[in-house]
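So you know, we letter chains A, B, ... as the sequences are listed, proteins then strands, and number each from 1. Computation of the quantities below employed the complete heavy-atom set of this structure, encompassing side-chain atoms and omitting hydrogens, waters and symmetry-equivalent molecules.
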2 protein chains.
Amino acid sequence: MEDVGRLAGVSQVTVSRALRDPSKVSPDALRRIRDAVATTGYVPNAVAGALASNRSRLVTALVPSITNVVYSSLVKSFIEGMRAEGYHILLSETGFDPDDEEALIAAHLSRRPDAMLLIGIHHTAQARRQLLGAGIPVVEVWDITDTPIDMCVGFSHADAGRSVADFAAEGGYLAAATLTAADERARRRARAFAERFEARTGRPVTAVTLPGPASLAEGRRSFASLCDDHGFAAGVVFCSSDLLAHGALIEAETRGIAVPETVAVIGFGDQDFAAHTAPALTTVSVDRTALGRKAASALLARLAGTPREEAVMNLGFNIVRRGSA
Amino acid sequence: MEDVGRLAGVSQVTVSRALRDPSKVSPDALRRIRDAVATTGYVPNAVAGALASNRSRLVTALVPSITNVVYSSLVKSFIEGMRAEGYHILLSETGFDPDDEEALIAAHLSRRPDAMLLIGIHHTAQARRQLLGAGIPVVEVWDITDTPIDMCVGFSHADAGRSVADFAAEGGYLAAATLTAADERARRRARAFAERFEARTGRPVTAVTLPGPASLAEGRRSFASLCDDHGFAAGVVFCSSDLLAHGALIEAETRGIAVPETVAVIGFGDQDFAAHTAPALTTVSVDRTALGRKAASALLARLAGTPREEAVMNLGFNIVRRGSA
DNA sequence: TTGTAAGCGTTATCAG
DNA sequence: CTGATAACGCTTACAA
């Protein structure tokens, strides 16, 4: 800045001002400064700026997995919303582990972000304490609670499980099963589904729980196990993700099981391919783009100092009936 | 740090040393400092640290799309590799546009990253200049060139297209077509495929180019267009992604076209689902995890000051023959 | 509209 | 092993 100023015939401060708010500098000086910036190839140092102003224009996001479209599409619209206002996003993967998340939160906090996005509502006590202590806006997404750290925008996984159970009960299925990946929220949906389905129909629900994350291969394998090891021959299967459900569909076809006549399959997530499987997948749709956008706008409002709007935003979900159930 | 030092009975500098390199401080002081850190809930300020040391421990990554598994899986392994050494990753989406990328590069550079990851080898002249001027290690991935900005790790898209053409020619297909999304690298593969296939068989290749990114729906649509508008009735179809290929498979089944007997389909990417479509997808496999890992280790080596290893690393690709071709 | 001066919270350098 | 002291490159009063 010193150099740029010298070249433009002004002081370093004036350069700073010209870059930050052009209206605070005379048009003539502005022009000379811009020329000087161009000829020197000056690149501002945001690190120094952040230290001096105590604003980093950096927002931190912690997601369980960046390769899972469910999260990446949400984060994508969040990033777009924040970038429109000049914020950058520091992204890390927590891998579904609260302790890893805690360590990452501490690491991210040391970068002095202006705000933070978290997936889910379950964090360690220490993490909550640090976040509260940081005094920055925090938004928790993809789940809902009455006691957010700061704000939260999402939907109720238990409600989703129950709605699917209602859908299944009304479909007249006489038996039900759940195929659930190793994910606390998925388990909450499965549990709520089972409780409601049993309450309405009086029939027990077979629960198959996977040791790891969802994948097509796991979907096939676990559906096979449901048939072979659990003796499931007919009814409705609620899968914790569309990927699992697609796997189940493929395995069912391989075994010559008619879908939805003999076995009906319900997914979760309404991913791109859900409308194109054979038969097309009945699933639970969550507007991830809206979630990300809402998270961004809520944070932006707080950062702009707008009077606090409601802290808990429930965007709900939607059951999409297609051919598989 | 001042406060922590006061509580521990040492100066601020000693606290800094204890945190940075515990071996440089007496065990006794170290213990007191750690206690003081715990009781005060002190969180180091990495911004100030970066300014003072001129090292941010931050690495910037620019990808065309974060929701596309092809890129996100590569970035995932890159992030893991860098995180193991204490680096954080600032991630932004360029959306395939070189000018947007240029603006983002400038923005990222202002954060003073210690290194940078770029997808692809085509960047604006201005972007190259800025990168060179920044004097940081840069790694370009997912493509290959003899003239990288600094280093590059990837594979040749033209080679991939030619290899698929060889595979197709040897398969004895009498006609060929390409289904290609709006992506420069995809087009390069398609072009190389067409040239080689025509050279070997003397038959022209029908090229269908999509206006936008790949999706299942686009795959169905463009395959339909290939049949209806271009009169393609039999032969091999090389798709620029597995997603497109899967769409083609679905559309073919809908139309009662036998795969691979009447129409053979080849994808690109070897995504998770490729082995589970019906028939299973013949495709080009690229080890994205290895690419990300290699990119991280190359950068890490440079950051550690290790004598420069080779700048261009070609990790190749692999045609996986399954049922669809 | 412009400039001066004082930080921001660290790390690096040098003495002790 | 520990402590003073001077940067790092900006922004924010405050003054002119």
Side-chain angles (χ1 to χ4, degrees), chain A residues 1-34 36-37 40-58 86 88 106-114 133-136, chain B residues 1-34 36-37 40-58 86 88 106-114 133-136:
Chain A
M1 272 191 175
E2 200 75 58
D3 295 346
V4 173
R6 200 171 303 125
L7 204 71
V10 295
S11 75
Q12 172 266 125
V13 220
T14 306
V15 177
S16 170
R17 264 195 290 260
L19 264 28
R20 187 138 313 287
D21 182 359
S23 74
K24 292 185 144 183
V25 155
S26 73
D28 189 50
L30 185 58
R31 197 183 37 67
R32 292 196 323 266
I33 290 170
R34 289 208 164 130
V37 165
T40 53
Y42 168 76
V43 179
N45 185 327
V47 176
L51 182 61
S53 68
N54 201 28
R55 297 189 51 228
S56 59
R57 293 213 148 258
L58 193 103
H88 279 169
H108 278 205
L109 247 22
S110 78
R111 304 255 175 211
R112 296 296 185 268
D114 289 344
I136 56 173
Chain B
M1 273 189 174
E2 199 75 58
D3 296 345
V4 172
R6 200 170 304 126
L7 204 70
V10 295
S11 76
Q12 173 266 126
V13 217
T14 306
V15 177
S16 171
R17 262 196 291 260
L19 263 28
R20 186 136 316 284
D21 182 358
S23 75
K24 292 184 144 183
V25 154
S26 72
D28 190 48
L30 184 58
R31 196 182 40 66
R32 288 191 332 260
I33 289 169
R34 289 203 164 135
V37 165
T40 54
Y42 167 76
V43 179
N45 185 329
V47 177
L51 180 61
S53 66
N54 200 27
R55 296 186 53 226
S56 61
R57 293 212 148 262
L58 198 116
H88 279 170
H108 278 204
L109 246 24
S110 78
R111 303 252 174 214
R112 296 295 187 269
D114 289 344
I136 55 173

Would you say Ser16(B) places a side-chain N or O within less than 4.0 Å of OP1 or OP2 belonging to dG9(C)? no
Can a donor-acceptor pair be found, under 3.5 Å and without considering hydrogens, that links the side chain of Thr40(A) to the backbone of Val4(A)? no
If you look at every strand shown and take non-hydrogen atoms under 4.0 Å, does Val47(B) touch a base, only sugar-phosphate, or nothing? nothing
Selection from dG7(C), dT1(C), dG3(D) that lies nearest to any side-chain heavy atom of Ser26(A): dT1(C)
Of the nucleotides dT2(C), dG3(C), dG3(D), which has the atom closest to the Ser11(A) side chain? dG3(C)
Specify the separation, in whole Å, of atom CE of Met1(B) and atom P of dC8(C). 15 Å
Nearest whole Å is fine: how far is dC1(D) P from Lys24(B) NZ? 10 Å
So, under a plain 3.5 Å distance rule, would you say the side chain of Arg17(B) forms a donor-acceptor pair with the base of dG3(D)? yes
Is Gln12(A) touching bases, backbone alone, or none of the nucleic acid, heavy atoms closer than 4.0 Å? base
Nearest-angstrom distance from the residue atom OH of Tyr42(B) to C1' of dT10(C): 8 Å
In terms of side-chain geometry, is the basic nitrogen of Arg32(B) or Asp28(B) positioned less than 4.0 Å from the acidic oxygen of its partner? yes
Is the phosphate of dT2(C) approached by Thr14(A) (side-chain N or O, under 4.0 Å from OP1 or OP2)? no
Atom pair distance, as rounded to whole Å: CG in Leu30(B) and C1' in dT2(D): 14 Å
Take the protein atom CZ of Arg31(B) and the nucleotide atom C1' of dC1(D), then report the distance between them rounded to whole Å. 16 Å
In whole Å, what is the span from the CZ atom of Arg112(A) to the C1' atom of dC10(D)? 17 Å
Identify whether any heavy atom of Ala29(A) sits under 4.0 Å from a base atom; if not, whether one sits that close to sugar-phosphate; answer base, sugar-phosphate or nothing. sugar-phosphate
Whole-Å distance separating the CZ atom of Arg20(A) from the C1' atom of dA13(D): 16 Å
5′-ward residue of the pair Val13(B)/Glu2(A) relative to DNA chain D: Val13(B)
Heavy-atom pair of closest approach, residues Leu51(A) and Ala48(B): CD1-CB, 3.7 Å
Ser53(A) side chain N/O closer than 4.0 Å to the phosphate oxygens (OP1, OP2) of dT11(D)? no
Using a heavy-atom cut-off of 4.0 Å across all strands, would you classify Asn54(A) as base, sugar-phosphate, or nothing? nothing
d(Tyr42(A) OH, Leu7(A) CG) to nearest 0.5 Å is 13.5 Å
Hey, what do you get for OG (Ser16(B)) to NZ (Lys24(B)), rounding to the nearest 0.5 Å? 10.0 Å
Nearest-Å distance for atom pair CZ/P, residues Arg55(A) and dT12(D): 8 Å
